[in-house]
Asks: 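There's a structure below that I have some questions on.
These numbers come from a predicted model, not from an experiment. Both backbone and side-chain heavy atoms feed into the values below; hydrogens, waters and symmetry mates do not. Residue numbering restarts at 1 for every chain, and letters A, B, ... go by the order of the sequence lines.
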Amino acid sequence: SQTIHQWPATLVQPVGSPLSLECTVEGTSNPNLYWYRQAAGRGLQLLFYSVGIGQISSEVPQNLSASRPQDRQFILSSKKLLLSDSGFYLCAWREIGGGTEAFFGQGTRLTVV
Amino acid sequence: DQQVKQNSPSLSVQEGRISILNCDYTNSMFDYFLWYKKYPAEGPTFLISISSIKDKNEDGRFTVFLNKSAKHLSLHIVPSQPGDSAVYFCAASALVGGKLIFGQGTELSVKP
């Protein structure tokens, strides 16, 4: 069966520090991968998605970047965090093709102080 | 540009009654729609989906209706139970391409 791992669960980082959140998927090949952010009291904002290794689509211009160095690994990064980067970050995967549901990790609560 | 909209941030329903959650979309390329349920500090869990070739899909107490001409979908929960209290998100994608867009969510409260 397929599983998705996302870590860490919580993170407190000072303004200006770098960020690296990692997400890995097991039990499937060539999935679509996604990073979403939920700010306090807001909806799920699509940040990045990837349909293959090295293929990253960015939805919102911002202080973040994403990379997919391996088929089932998706990394969210920042060189210098801003206060506005605080939020709940969610990684998700789904089978390629678009006509299936996406499965989410448990999320990372990032607080930038 | 909000391509998927849930205009009701909250909904309160009595236990046993019907809950109706609404969602509108603007992108005519969307042809696959999903509903998710989310608790605080957890990832969303999939509830039910519908493709654009259908106008209704039912799974137990959950039914999703799609009106393509109006670019509108709704989720009906009958009967509503206190355990259904959560935030519900609708989402939309095209069968071609990877983008999956979510609405802002509706917080459902089912009162005993």
Asks: Report, as yes or no, whether the 6.0 Å neighbourhood of atom CZ on B:R17 holds more than 12 heavy atoms from other residues, nucleotides or ligands.
Replies: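 It does not: B:R17 CZ has 12 such atoms or fewer within range.
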
Asks: Shortest non-hydrogen contact from B:L34 to A:T100?
Replies: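 For B:L34 and A:T100, the tightest heavy-atom pair comes out as CD2-O, 3.9 Å.
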
Asks: If hydrophobic clusters are built from ILVMFWY residues whose side chains come within less than 4.5 Å, do A:L90 and B:Y88 share one?
Replies: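 A:L90 and B:Y88: one cluster.
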
Asks: For the CD1 atom of B:I101 and the OH atom of A:Y49, what is their distance to the nearest 0.5 Å?
Replies: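 Here the rounded value is 8.0 Å.
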
Asks: Below 4.5 Å from any heavy atom of chain B, which atoms of A:L44 appear? Answer side chain, backbone, both or neither.
Replies: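 Both parts, backbone and side chain.
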
Asks: Among A:A102, A:A9, A:A92, which residue has the highest count of heavy-atom pairs closer than 4.5 Å to chain B?
Replies: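 Greatest number of close heavy-atom pairs with chain B: A:A102.
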
Asks: Tell me if the aromatic rings of A:F104 and B:F102 count as close, with their centers under 6.0 Å from one another.
Replies: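 Judged by ring-centre distance (under 6.0 Å), A:F104 and B:F102 do meet the cut-off.
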
Asks: Is it the side chain or the backbone of B:K38 that comes within 4.5 Å of chain A heavy atoms, both, or neither?
Replies: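 Contact with chain A involves the side chain of B:K38 alone.
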
Asks: For the hydrophobic clusters of this structure (ILVMFWY residues joined by side-chain heavy atoms under 4.5 Å, transitively), does one cluster hold both A:L76 and A:I56?
Replies: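 Hydrophobic grouping puts A:L76 with A:I56.
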
Asks: With chain A as the partner, which of B:P9, B:A41, B:P44 has the greatest number of non-hydrogen pairs under 4.5 Å?
Replies: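 Looking at each of B:P9, B:A41, B:P44 in turn, B:P44 comes out on top.
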
Asks: If you group Ile, Leu, Val, Met, Phe, Trp and Tyr by side-chain heavy-atom gaps below 4.5 Å, do B:V4 and B:Y36 land in one group?
Replies: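 Yes, it is one cluster - the side chains of B:V4 and B:Y36 are joined through contacts under 4.5 Å.
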
Asks: Minimum heavy-atom separation for A:R94 and B:K99, please, with both atom names.
Replies: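 Closest approach of A:R94 to B:K99: NH2-O, 3.6 Å.
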
Asks: In this structure, would B:L47 and B:L108 fall into the same cluster of hydrophobic residues linked by side-chain contacts under 4.5 Å?
Replies: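 Yes, B:L47 and B:L108 fall within the same hydrophobic cluster.
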
Asks: Rounded to the nearest 0.5 Å, what separates atom CG in B:L100 from atom CD in A:E101?
Replies: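 Going from CG on B:L100 over to CD on A:E101, the span is 11.0 Å.
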
Asks: Applying the 4.5 Å side-chain criterion to the ILVMFWY set and letting contacts propagate, would B:F62 and B:F89 be lumped into a single cluster?
Replies: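 Yes, because B:F62 and B:F89 connect within a single hydrophobic cluster, where side-chain heavy atoms sit under 4.5 Å apart.
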
Asks: Out of curiosity, A:N32 CG to B:S93 OG, how far, rounded to the nearest 0.5 Å?
Replies: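 Result: 9.5 Å between the selected atoms.
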
Asks: With a 4.5 Å limit on heavy-atom distance, are the side chains of B:V87 and A:Q38 in contact?
Replies: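 SC-SC contact between B:V87 and A:Q38 ruled out.
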
